[in-house]
Amino acid sequence: MINSILKIENLSASYDDKVIIQNINLEFQKNKITAIMGPSGCGKTTLLRCLNRMHELTPNAKVSGKILLESTNLNDNFMELNSTDPILVRRRIGMVFQRPNPFPNLTIYQNVLAGYLLNGIKLKKQEADEIVEKHLNLVALWDEVKDNLKKHGTFLSGGQQQRLCIARALAMEPDVLLLDEPTSALDPISTQRIEDLIVELQKTVTIIIVTHNVGQAGRVSDFVAFLYLGDLIEYGLTDTIFTNPKNLQTEKFLTGKIS
Amino acid sequence: MKLKLLNDKVFKNILIITTSIVLLIGVAFFITLILESTSSISKFGFKFFTSTDWDPVFEKFGALPFIVGTLLTSFLSLLIAFPFTFAIMVVLGEYFTKGFISEVLRYLTELISSIPSVVIGLWGLFFLVPAVRFFQITFGLQPYGVGIFTASLLLAFMIIPYAASIAKDAMRLVPKDLKEAAYSLGATRWEVIKQVMIPYSRSGIVAGILLALGRALGETMTVTMVIGNSHFIPKNLFSPGNTIASVIANEFTEATGDLYLSSLIYLALVLFLITALINLLGKYILKKIQINH
């Protein structure tokens with residue numbers, strides 16, 4: 001595992017004293033797509049939310065263990081996220097949520113720049129224009145909205161809104177992008193477009209996607225982690241696990257016997 | 001089956017009748033105001049709004065000092081109430097949305113609105129007026145104690161729960177999705193409040209402010225007790241003055257002449273119109289700033 005960008009060591013998380021995930025050890029590969037799959041309630045979303053320290057926003061949430069992100073500083077190889085300012089963590093690890101959530105009070109243009117606006121980072125007009133065009137192009141939305149940039153994004157379809165949200169996350173130039181069931185609220189055609197987009201995006205960013213859809217994990221991911229009742233059951237290359245699962249639970253999940 | 005249909009009809013008719021009664025009373029109320037103030041309207045007309053004389057002996061009546069007094073106290077109280085309302089809104093709408101502290105704070109805020117206005121007025125008269133007088137002596141102002149400023153302070157205290165209660169509800173309605181989106185982009189809690197929650201809930205916040213303003217415009221007892229009841233346009237914020245409501249309350253019992261009485265009712269009509277106008281304006285602003293989903 002030479003090319004890890006993000007490592008998890010003995011990660012456990014709970015809230016209201018209810019353990020959600022326990023003793024997870026995982027390494028995520030740079031510029032690869034890793035899918036975290038498992039039945040509902042297995043803790044996959046919690047695991048994802050630990051990575052950008054969103055889990056701790058929930059009242060009475062607890063996290064233990066280490067999360068290490070490849071450092072931008074050449075002297076240190078990895079930085080420990082739980083002792084890093086969460087604001088810095090979230091700028092390097094972006095997130096897209098289950099339901100599209102563009103800011104309704106902002107225009108499409110402002111939505112792409114929301115990360116900069118929220119953090120009070122001033123941009124020159126030309127810089128801002130470039131960021132907007134580049135990232136709307138990355139998510140293949142530019143041609144559809146370029147004449148309506150100054151309009152509020154609420155007239156867009158669900159799929160378009162979700163791509164706008166991906167652009168918003170990418171505009172901060174994160175190293176890792178977390179996707180929390182990004183297509184669960186979308187129709188099949190929009191879903192397929194987002195899946196194509198995810199595969200395309202791995203050139204620029206490392207992607208970790210949570211899904212309870214086995215087919216989706218198979219279509220988009222290079223690596224897959226299977227979670228069951230808070231434990232990491234199996235992790236490996238998607239092709240290997242899909243054709244030859246070592247664990248009985250994994251096989252049951254892949255064949256639809258548990259969901 | 002027939003009985004059921006009949007029930008439905010009866011219920012519908014009851015609804016129509018009761019609704020019509022309320023509407024009729026509203027219309028009748030407005031007509032009475034106009035009818036009763038006719039003699040004053042025909043005598044003073046629009047000069048009523050610009051004249052500063054209020055002289056029952058010579059039967060000369062003008063409402064300008066009271067209109068000024070009403071608007072001054074209302075908007076000044078709104079201004080004074082704003083920072084406190086904002087603080088309560090943020091504390092109850094974001095920091096403590098449930099649990100013990102939230103309940104205690106909410107209860108205490110709502111308790112203020114249940115204090116009878118005469119009690120607040122009495123407290124104002126015996127505590128706030130001397131305090132303001134002390135302040136005026138210290139700074140070399142005329143030591144009235146009573147006046148526009150004192151009335152506005154008391155009004156501010158009274159309207160805070162109204163504005164805060166609605167504004168905090170609006171803050172609580174901000175979808176978790178949006179807050180999380182902002183956090184995930186590296187926003188701090190204050191940035192989330194300022195850039196996401198307040199813009200999203202601004203129509204609710206404005207609605208709260210409007211309700212508070214309506215209350216301030218019409219509040220009678222408290223204001224009458226501490227405003228000083230002067231018939232002149234206030235020279236500054238510490239001068240005594242009068243509001244429309246306080247003049248009516250003060251002078252209704254001693255209004256002997258027909259024209260005097262009619263002019264007081266004309267004043268009531270003016271207050272009614274001001275309130276209606278501000279409400280309409282508020283509705284227009286709310287429509288302008290509403291977020292479409």
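Each chain gets a letter, A, B and so on, in the order the sequences are listed, and its residues count up from 1.
Chosen from A:Ala169, A:Gly115, A:Cys165, the residue pairing most often with chain B at heavy-atom distances under 4.5 Å is A:Gly115. By number of non-hydrogen pairs under 4.5 angstrom with chain A, the leading residue of B:Pro175, B:Ala187, B:Ser184 is B:Ser184.
Within the 4.5 angstrom heavy-atom criterion, no atom of A:Pro86 approaches chain B. With a 4.5 Å cut-off on non-hydrogen atoms, A:Leu88 does not touch chain B at all. Looking at A:Leu117, the atoms closer than 4.5 Å to chain B (heavy atoms on both sides) all sit in the backbone: N, CA, C or O. Proximity to chain B involves both the backbone and the side chain of A:Arg168, based on heavy atoms less than 4.5 angstrom apart. When heavy atoms are compared at a cutoff of 4.5 Å, A:Met54 approaches chain B solely by way of its side chain, counted from C-beta outward.
The side-chain contact (heavy atoms from CB on, under 4.5 Å) test with B:Tyr183 singles out one residue from A:Ile87, A:Leu57, A:Asn52, and that residue is A:Leu57.
In summary, B:Glu180 and A:Arg99 do not engage in a salt bridge, as defined by a charged side-chain N under 4.0 Å from a carboxylate O.
Residues B:Thr188 and A:Leu118 have side chains not in contact (no heavy-atom distance under 4.5 Å, counting atoms from C-beta outward). Side-chain contact check for A:Phe97 versus B:Asp177: every heavy-atom pair is 4.5 Å or farther apart.
Panel note: side chain A:Asn101, backbone B:Leu178; no donor-acceptor pair is recorded below 3.5 Å.
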